[in-house]
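These numbers come from the heavy atoms of this one structure, side chains and all, not from hydrogens, waters or symmetry mates. This chain uses plain numbering: 1 for the first residue, then up along the sequence.
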Amino acid sequence: MIKITRRIVLLSFLLPALISCTDSPEQDKNKENPYAAEVDSVLGLMTLEEKIGQTVLFTSGWDVTGPSMDDNYKEYLENGSVGAVFNAFTTKYNRELQKIAVEHTRLGIPLLFGYDVIHGHRTIFPIPLGESASWDLELMEKTARIAAVEASAEGINWTFAPMVDIARDARWGRIAEGAGEDTYLGSLIARARVKGFQGDDLSADNTILACAKHYAAYGAALSGRDYNTVDMSENELRTTYLPPFKAALDAGVATFMNSFNDLNGVPATGNNFLLRNILKGDWKFNGFVVTDYTSMNEMVAHGYARDDKHAGEIAMNAGVDMDMQGGIYMKYLKKSIEEGKVSETDLDDAVRRILEMKFRLGLFDDPYRYMDETREKEEVLNKEHLAVARDAARKSMVLLKNDNEVLPLSSDSKVALIGPLVKDEKNIIGNWAAAGDRGGTAVSVFEAFEERLGTDNFLYAEGCKVLGEDISGFKEAVSAAGKADVVVMVVGELEGMTGEAASRTDINIPGRQKQLIEAIKETGKPVVLVLMNGRPLTLEWENETADAILEAWWPGTMGGHAIADVLYGDYNPSGKLTVSFPRAVGQLPLFYNHKNTGRPIKPEDPDQKYVSRYLYTPNTPLYPFGYGLSYTTFAYDVVTDKKSLTPGDTLTITAKVTNTGERDGEETVQLYVHDKVASITPPVKELKRFRKIFLRKGESKNVTFSLSAEDLKFYNQDLEWVYEPGAFEFFVGGSSDLPFTHTFELAEK
Ligand code: GLC
């Protein structure tokens, strides 16, 4: 039994080098793979079966995140036919599994342990769509860092995050997991999250491999129906959907995950164009690619593979390195290689990529590095992490409406808390909360009010459930409202109504909640809606009916406290939407950076019939991208340093922003630019810069943005990344739905 330790690896590597005594050119080429030599020496010791074992990923018996599960994984570990396990954690359990691999197999190659640590491990932060509304990149890097610290303290060394899919269709439940509809913002957030998970040193015991998913264009599923077909031009793919993946790659992301969908007729899991041409070719990705849960097998259902064995050949030839839960590489790859359907060279490349990451994690030095009981006790759910969770939740919330300054609540107002989510501690941590506790760790709104006001100093009634037709609780709710000065209603979706396999054909507040709101409104008391949901909802009636609306998303472990902090003004809400909220589901997909069409609605003739419009519904969203109110107000005064920009030069835009209200607050200053004429029809506007600033009441600050010709590039008809001279206009403000205020020319070279 040869046990692979770093010493043996180095010895096997050093011997040939000592003999050759030359610094082969290959060693230079491997600078981006610091362990290339060690990897090669291990590879040289491996049998075909052992190589195939490294490409196999199985779930443990702890959690099911997909349609099938194979519970024989332990015996596979013993004979080296599995190289990674997911949905397994705690140091005790993972140490047990690692011990099998390291001490009971011939080479003792350590396992990877993957898990969906999407928005926290035990301390759960707001769902990613919520967190993105903070527009606070440092915060999002910090919460990913904490997620990695907690996950790595429980035996996990790989997360299947960040999800970087651009999403413009609120029917799609997985819009909850991403960073919204904008490519520029989504790319910056992808980078922040990768850096948070991976830190600066993957060999540290509190950093873990990240995974850019779902590659690619999964968020463009036809009709917003999960797993559905995706078909788009290469220009649209490169303009809108690929950049966040490239940003993750440039941030050093260690792994990619295929998406379930087909793209232009070719399943992503067997897509040479995506994997070999772009990812491993143009982009020179040196990490490894894992399928999504049995997505390899699903190429048979796609009608793209005859059977599982054929699917495996397609996938390996296309550049897929690891098979999640499909069992195909394990069962058929040996035969496919023997038949010449797959080359062992491609298998070697896959294994190299996987071993490289195991070396980078330090697993060959210490396979039990991520299984430290002391860290597990100290790191998980500690008070520092909970404080960040509360801060992240507050900063993610978006104030959508606040008539007559009904918010913030006065501490001497009698409040009635009404609604099915007031006492919720289960849904509040949202979907994809993996190891998050749904049994009482999270702070409900009710608990937060109890702590803040005392049990006897506010009223409560559930009113109704989230789903269902029972309205027997209305009477009690109306009675509670009648005794209060103001009513706070906590309503929305169940967490399982968003996330994977959770598309909806209507995106209203479900069940009898709207009727409950109506009944409470009829009491004449001011009504504040607090929404807990994972996607944009259609809220036109609520927008007319409620006096204030606070979008809280699924705010996480400290959600109740964060909601109370915002309602009482301890924190002045600063969130800005990163997805458009439609007026009607029929408007979807809906996004701010849309095209103008040849027949736009003309402001000077808004009722003209023959234009691109709907009957009876405006084209505009109810709440636009970039929008969010504050308890204060801000004024802008914008100047530029030139009217004509020459390529190679920069245009400097200075916005003097003043807090014109009575409260300190934060504003996300946004710059939108419109290319008025281009050889590809241009979007009506595009977010090009933003900065979040804090202003005391009455305070002013200058925010300066620099633009160059590089920032004005797009893919032309030949898919060249170019800028074109011509007229541009822009504005700077606190939302995307503001008028343009300035113009400039981009001059010829
Ligand atoms: C799921 C999801 C993917 C997740 C994986 C493992 O089907 O699509 O996002 O990482 O399986 O749980």
Side-chain angles (χ1 to χ4, degrees), residues 130 133 393-394 396-424 428 443-450 452-453 457-464 466 474 477-493 509 513-533 537 539-555 559-575 577 581 622-623 627-632 663 665:
R394 294 190 302 199
S396 302
M397 292 178 198
V398 185
L399 183 61
L400 299 175
K401 182 181 182 185
N402 189 23
D403 281 3
N404 314 315
E405 296 191 335
V406 71
L407 291 177
L409 299 173
S410 155
S411 53
D412 51 26
S413 294
K414 188 77 168 178
V415 175
L417 282 181
I418 293 174
L421 292 168
V422 171
K423 289 195 168 183
D424 181 88
I428 197 168
V443 178
S444 68
V445 175
F446 186 88
E447 268 180 84
F449 271 67
E450 263 188 326
R452 180 181 283 264
L453 304 177
N457 298 320
F458 65 96
L459 301 152
Y460 164 72
E462 181 183 41
C464 67
V466 168
F474 278 27
V478 168
S479 162
K483 298 172 192 147
D485 301 318
V486 59
V487 181
V488 173
M489 299 186 74
V490 187
V491 294
E493 297 177 300
I509 294 179
Q513 298 177 88
K514 281 179 81 159
Q515 288 80 353
L516 177 64
I517 296 167
E518 194 166 25
I520 299 302
K521 185 63 186 172
E522 279 163 10
T523 66
K525 299 298 170 82
V527 173
V528 175
L529 292 188
V530 175
L531 302 178
M532 289 196 191
N533 48 299
L537 300 173
L539 299 167
E540 271 206 319
W541 176 83
E542 292 80 356
N543 189 54
E544 291 302 315
T545 308
D547 300 277
I549 302 177
L550 178 68
E551 175 55 78
W553 312 105
W554 294 118
H561 283 316
I563 288 169
D565 292 346
V566 171
L567 291 177
Y568 279 94
D570 297 356
Y571 180 76
N572 184 352
S574 64
L577 294 179
F581 275 51
L622 178 63
Y623 306 120
Y627 167 83
L629 299 176
S630 168
Y631 293 150
T632 187
R663 282 173 176 269

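Residues Asn572 and Ser630 bring a donor and an acceptor atom of their side chains to less than 3.5 Å of each other.
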Checklist entry - Are Ser444 and Asp424 close enough, and set up right, to give a side-chain contact (heavy atoms from CB on, under 4.5 Å), and what steps lead you there? => result CA-CA 5 Å; Ser444 68; Asp424 181 88; 5.7 Å; no
Next on the checklist: For a side-chain contact (heavy atoms from CB on, under 4.5 Å) check, start with the C-alpha distance between Leu550 and Val398, then their side-chain angles and the critical distance, and finish with the verdict.
Outcome noted: CA-CA 6 Å; Leu550 178 68; Val398 185; over 6 Å; no
Item to check | Verdict with supporting geometry, Met489 and Ile520, side-chain contact (heavy atoms from CB on, under 4.5 Å) | outcome: CA-CA 9 Å; Met489 299 186 74; Ile520 299 302; 3.8 Å; yes
Next on the checklist: Using the rule given for side-chain contact (heavy atoms from CB on, under 4.5 Å), can you reason through Arg452 versus Asp565, listing the C-alpha separation, both sets of side-chain angles and the distance that settles it, and then say yes or no?
Outcome noted: CA-CA 10 Å; Arg452 180 181 283 264; Asp565 292 346; 3.0 Å; yes
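Here the closest non-hydrogen pair linking Ala480 and Leu459 is O-CD1, 3.4 Å. Considering all non-hydrogen atoms of both residues, Val466 and Gln513 come closest at O-NE2, 3.3 Å. The minimum heavy-atom distance linking Gly559 with Met397 is given by the pair O-CE, 4.3 Å. In plain terms, the two heavy atoms of Lys514 and Trp541 that are nearest each other are O-CH2, 3.4 Å. The heavy-atom pair separating Ala461 from Ala477 by the smallest distance is CB-CA, 3.5 Å.
The shortest distance between side-chain heavy atoms of Val445 and Val530 does not fall below 4.5 Å. Using a 4.5 Å cut-off on side-chain heavy atoms (C-beta onward), Asp485 and Lys525 make no contact. Between Ile428 and Leu421, the closest side-chain pair of non-hydrogen atoms is not below 4.5 Å. Using a 4.5 Å heavy-atom cutoff, the side chains of Arg394 and Ser574 are not in contact. In this structure, Val488 and Ile418 have side chains that are not in contact, with every pair of non-hydrogen atoms separated by 4.5 Å or more. The closest side-chain heavy-atom distance from Trp554 to Met532 is below 4.5 Å. The side-chain heavy atoms of Tyr623 and Asn543, taken from C-beta on, include a pair separated by under 4.5 Å. Residues Leu539 and Leu622 form a side-chain contact, since some pair of their non-hydrogen atoms from C-beta on lies under 4.5 Å apart.
Side-chain atoms of Asn402 never come within 3.5 Å of backbone atoms of Ala548 as a donor-acceptor pair (strictly under, hydrogens ignored). Checking side-chain atoms of Tyr627 against main-chain N and O of Leu400 turns up a donor-acceptor pair under 3.5 Å. With Ser413 contributing its side chain and Leu409 its backbone, the two residues share no donor-acceptor pair below 3.5 Å. Within the 3.5 Å criterion, the main-chain N or O of Glu542 finds no donor-acceptor partner in the side chain of Glu540.
For Phe446 and Phe458, the distance between ring centers is under 6.0 angstrom. Aromatic ring centres of Tyr571 and Tyr631 lie farther apart than the 6.0 Å criterion allows.
Remark: Ile563 CD1 to His561 NE2 distance equals 11.5 Å, nearest 0.5 Å. Distance check: Leu453 CG to Phe449 CZ gives 6.5 Å after rounding to the nearest 0.5 Å. To the nearest 0.5 Å, atoms CG (Leu531) and CD (Glu551) are separated by 5.0 Å. Distance OG/Ser411 to CG/Asp570: 10.0 Å, rounded to 0.5 Å. How far CG of Asn457 is from CD of Glu450: 11.0 Å, rounded to the nearest 0.5 Å.
Using a cutoff of 4.0 Å between basic side-chain nitrogens and carboxylate oxygens, Lys521 and Asp547 are scored as salt-bridged.
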